[in-house]
Structure formats: C-alpha cells, structure tokens
Amino acid sequence: MLLAVAACSVAGSPETAYPDGTSAHNLRFDGLDRAYRVYKPAGLPAAAPLVVMLHGGFGTGEQAENSYGWDQLADSAKFVVAYPDGIGRAWNAHGCCGRPARDGIDDVGFITAMVGRIGDSIGIDRARVYATGISNGGLMSYTLACNSGVFAAIGPDSATQLDACATPHPTSVMHIHGTADRLVPYNGGQGASVVNGPSIADVNAFWRQVDHCGPPALSNAGPVTTSTAACPHNRSVVLITIDGGGHQWPGGTTFLERGSPTSHSLNATQTFWQFFAAHPA
C-alpha cells in the first residue's frame with residue numbers, strides 16, 4: 001500500500017539509470033526535491049539485496065558513504081547501497097529531529113518511494129531490503145519498521161525508538177549501542193541532545209514481543225555483550241552493548257564522535273551485514 005501511495009506522489013520518470021559505482025539522483029516527492037546516492041558494485045547478480053544507510057543528524061548521504069565502509073563491503077558481498085539525504089540534514093523520526101519533525105515531512109514515504117525506484121530499475125530482491133542508520137538515522141530506521149512493511153530487518157546504531165509504533169511490522173532487529181553514549185543515553189531519558197526516549201533494554205523488549213521471540217541468550221567478548229533472541233519465521237532480535245562505548249559507529253568514522261574515541265571492539269558495518277544476510281523477509 002505504501003509503495004502504491006508513494007508512486008502517486010512521485011514526479012518524474014519511473015526509470016532511472018544506475019551505473020556501476022556511485023551515482024547521484026533526485027526524486028520529486030510530496031512537493032519536495034529529494035536527493036539520494038546509490039552505490040552499485042560491478043558484477044551485481046540479478047535480484048541483489050539493498051541496504052539503505054541513513055545518516056545521523058547534521059550528516060548527509062555523501063558523508064555516510066564516506067564514513068562507514070559500506071561500498072567496500074558491497075563490492076565483495078554484491079549488494080546495492082542507497083544513501084538518502086534528509087531535509088536540513090535530519091529525519092522525521094516522530095519527535096526528532098530538526099525541520100523534518102517540525103514540518104511533518106514524510107520521510108517514510110520518501111524512503112519507501114526511493115526503494116521502489118531503485119528496485120524497479122535494478123531488479124532488487126524485495127525480500128532482502130534492509131535499513132540501518134546512526135543516531136537520528138537509527139531513530140528513522142525504527143520509524144520505518146513501525147510504518148512500512150518494506151524492510152526485512154533494521155540495524156539502528158546509537159539510537160532509540162521515539163515512534164509509539166501502534167501497528168509495528170514484524171521485523172528482525174539488531175541494535176548496537178554504547179553504555180557511555182551521552183547524546184542518546186543507554187538507560188533512556190534526556191540526553192545531551194534533543195532526544196528523550198526509552199531505554200535501549202525497553203526498546204529491545206518491545207521488538208522481542210512484536211516478533212514473538214523466545215528468551216534472549218547472552219554472550220560476552222571483552223567489552224561487548226550480545227543478547228540474541230530467536231523468533232518465529234527466521235526472525236531475530238539482537239542487542240549488542242559496548243561497555244564504555246560512546247555515540248559512534250563502531251569501526252567507522254563520523255564527526256559526531258569528536259571527543260569520544262571510536263570503539264574497534266567490532267565493525268558495525270560487517271556486523272549489520274552478516275545479520276541482514278541471514279534474515280530475509
């Protein structure tokens with residue numbers, strides 16, 4: 001339904017060329033000119049997966065492409081990566097952030113329309129479409145899971161869920177978060193930012209209930225604790241906690257991390273991709 005509604009709101013040709021490598025694109029949606037980038041590796045097989053990488057607040061699609069190493073992984077694993085731009089460098093994640101939240105910008109509709117445009121042109125496997133993001137982008141990935149049935153799994157990092165999520169879509173979830181995150185506190189509440197949301201444990205429990213999961217199993221590797229709950233229909237809800245980790249993309253680089261050394265206890269990009277690859281819709 002969302003795809004059908006989005007198609008009616010999108011202006012321009014339904015066919016867009018996506019050459020190998022990185023290409024920049026525009027999409028007219030809901031009266032706004034929206035921009036996004038696509039990385040398509042050479043030798044892409046038919047019906048390849050698609051990962052949507054959502055930048056954090058004050059970021060851009062180009063910044064996200066340069067910061068987190070998705071293109072390099074796409075070259076070896078053969079999937080497509082999309083890097084959309086939020087209006088005013090932010091996303092409307094139901095209570096945060098910036099102009100999109102103030103003006104009620106339909107980012108769910110835009111991202112869904114973008115996925116449809118890419119899928120029509122490249123031939124994406126619709127059962128293997130995933131969303132991930134950091135900070136405001138991670139919040140947006142939860143909003144997508146709550147309000148769109150397009151994504152088989154999401155991978156929020158340094159984020160929480162602000163959407164009340166009255167009608168959630170069953171979705172596999174892997175969340176990565178540091179216990180020393182000042183902007184989006186691990187234990188919830190008001191951070192050193194505009195974000196004031198539930199604890200990460202509460203969000204994890206919410207999705208375990210949505211997906212009808214069994215009790216989580218815990219494992220430890222140095223400062224990293226992983227809680228894994230198996231769920232029906234090959235779904236899974238995973239929480240990866242980094243003791244002492246800050247507001248960051250582990251293994252990557254971003255200007256949001258200034259003053260907080262990047263954790264290299266794990267590589268978030270590789271970790272999310274392994275999870276996505278194991279969890280088609």
Peer 1: Among Asp107, Asn147, Val150, find the residue that satisfies the side chain to side chain contact (heavy atoms under 4.5 Å, CB included) test when tested with Thr112.
Peer 2: Val150
Peer 1: So Pro170 and His233, do their side chains get closer than 4.5 Å, heavy atoms only?
Peer 2: no
Peer 1: Can you name the nearest heavy-atom pair linking Pro156 to Val173, along with the distance?
Peer 2: CD-CG1, 4.3 Å
Peer 1: Would Val52 and Val115 satisfy side-chain contact (heavy atoms from CB on, under 4.5 Å), going step by step from the backbone distance to the final call?
Peer 2: CA-CA 8 Å; Val52 177; Val115 168; 4.0 Å; yes
Peer 1: Under the side-chain contact (heavy atoms from CB on, under 4.5 Å) criterion, do Cys231 and Val237 qualify, and how do the steps go?
Peer 2: CA-CA 8 Å; Cys231 322; Val237 175; 4.1 Å; yes
Peer 1: Between Phe206 and Pro198, is any pair of side-chain heavy atoms under 4.5 Å apart?
Peer 2: no
Peer 1: How about CD on Gln72, more than 12 heavy atoms from neighbouring residues, nucleotides or ligands closer than 6.0 Å, or not?
Peer 2: yes
Peer 1: Would you call the rings of His175 and His177 parallel, tilted or perpendicular, taking 30° and 60° as the class edges?
Peer 2: parallel
Peer 1: Tell me whether Arg28 contacts the main-chain N or O of Gly31 through its side chain, where contact means a donor paired with an acceptor under 3.5 Å.
Peer 2: yes
Peer 1: Which distance, rounded to the nearest 0.5 Å, do you find between the CE of Met53 and the OG of Ser141?
Peer 2: 9.5 Å
Peer 1: Looking only at atom types and distance, does a side-chain atom of Ser158 sit under 3.5 Å from a main-chain N or O of Gln248, one as donor and one as acceptor?
Peer 2: yes
Peer 1: For the atom pair CD1 (Ile200) and CD1 (Ile240), what is the distance rounded to the nearest 0.5 Å?
Peer 2: 13.5 Å
Peer 1: In Å and rounded to the nearest 0.5 Å, what is the OG1 to CG distance from Thr160 to Asn196?
Peer 2: 9.5 Å
Peer 1: Return the minimal non-hydrogen interatomic distance between Leu218 and Ser227, and the atom names on each side.
Peer 2: CD2-CB, 3.5 Å
Peer 1: Within the distance-only criterion (no hydrogens, no angle test), does the side chain of Ser76 pair as donor or acceptor with the backbone N or O of Leu73 below 3.5 angstrom?
Peer 2: yes
Peer 1: Using every non-hydrogen atom in the two residues, find where Asn136 and Gly57 come nearest and quote the distance to one decimal.
Peer 2: CB-N, 3.6 Å
Peer 1: Do side-chain atoms of Gln190 reach the backbone of Ser193 as a donor and acceptor pair under 3.5 angstrom?
Peer 2: yes
Peer 1: Hydrophobic clusters here meaning ILVMFWY residues chained together by side-chain heavy-atom distances under 4.5 Å, can you tell me if Ile87 and Tyr36 are in one?
Peer 2: no
Peer 1: Using the rule side-chain hydrogen bond (donor to acceptor under 3.5 Å, both in side chains), only one of Thr179, Asn220, Asp243, Thr241 pairs with Thr225; which is it?
Peer 2: Asn220
Peer 1: Taking side chain as C-beta onward, heavy atoms only, is Asn234 less than 4.5 Å from Pro280?
Peer 2: yes
Peer 1: Donor-acceptor pair, distance only, cut-off 3.5 Å: does the side chain of Asp163 make one with the backbone of Cys165?
Peer 2: yes
Peer 1: Quick one: sort the Phe79 and Trp273 rings into parallel, tilted or perpendicular, breaks at 30° and 60°.
Peer 2: parallel
Peer 1: Using the rule that Ile, Leu, Val, Met, Phe, Trp and Tyr join whenever any side-chain heavy atoms are under 4.5 Å apart, tell me whether Phe275 and Leu239 fall into a single cluster.
Peer 2: no
Peer 1: Would you say the ring centroid of Trp70 lies under 6.0 angstrom from that of Tyr83?
Peer 2: no
Peer 1: Can you name the closest pair of heavy atoms from Leu162 and Ala93 and give their distance?
Peer 2: CB-O, 3.6 Å
Peer 1: Which is it for Ile111 and Trp91 under the side-chain contact (heavy atoms from CB on, under 4.5 Å) test, yes or no, and what are the steps along the way?
Peer 2: CA-CA 11 Å; Ile111 294 167; Trp91 303 105; 4.0 Å; yes
Peer 1: Same cluster or not: are Tyr186 and Val238 linked, directly or through other Ile, Leu, Val, Met, Phe, Trp or Tyr residues, by side-chain heavy atoms under 4.5 angstrom apart?
Peer 2: no
Peer 1: Asn187 and Ser199: side-chain donor and acceptor closer than 3.5 Å?
Peer 2: no
Peer 1: How far does CG of Leu50 sit from CZ of Arg126, to the nearest 0.5 angstrom?
Peer 2: 9.0 Å
Peer 1: One thing to verify: whether Lys78 and Asp20 come together as a salt bridge, which I'm taking to mean a side-chain N less than 4.0 angstrom from a carboxylate O.
Peer 2: no
Peer 1: State, without any angle test, whether Tyr130 and His279 hold a side-chain donor-acceptor pair at a distance under 3.5 Å.
Peer 2: no
Peer 1: Report yes or no: does Ser236 contribute a side-chain atom to a donor-acceptor pair with the main-chain N or O of Ala230 at less than 3.5 Å?
Peer 2: no
Peer 1: Would you say the side-chain atoms of Asn92 pair up with the backbone N or O of Ile105, donor to acceptor, closer than 3.5 Å?
Peer 2: yes
Peer 1: When you measure from the side chain of Thr171 to the backbone N and O of His169, does any donor-acceptor pair fall under 3.5 Å?
Peer 2: yes
Peer 1: For the backbone of Asp85 and the side chain of Arg34, can you confirm whether one donor and one acceptor N or O come within less than 3.5 Å of each other?
Peer 2: yes
Peer 1: Under 6.0 Å between the ring centres of His25 and Tyr18?
Peer 2: yes
Peer 1: Can you name the closest pair of heavy atoms from Leu54 and Pro84 and give their distance?
Peer 2: CD2-CG, 3.6 Å
Peer 1: Show the numbers, then the answer: is there a side-chain contact (heavy atoms from CB on, under 4.5 Å) between Ile176 and Ile242?
Peer 2: CA-CA 8 Å; Ile176 298 176; Ile242 302 176; 4.1 Å; yes
Peer 1: Measuring from atom CG of Asp181 to atom OG of Ser135, what distance do you get when rounded to the nearest 0.5 angstrom?
Peer 2: 7.5 Å
Peer 1: With a 4.5 Å cut-off on side-chain heavy atoms, are Val51 and Phe272 touching?
Peer 2: no
Peer 1: On a heavy-atom basis, which atom in Leu44 and which in Lys40 lie closest, and how many Å separate them?
Peer 2: CD2-CG, 4.1 Å
Peer 1: Once you round to the nearest 0.5 Å, how far does CH2 of Trp249 lie from NE2 of His55?
Peer 2: 13.0 Å
Peer 1: Would you say the side chain of His94 lies within less than 4.5 Å of the side chain of Cys146, judging by non-hydrogen atoms?
Peer 2: no
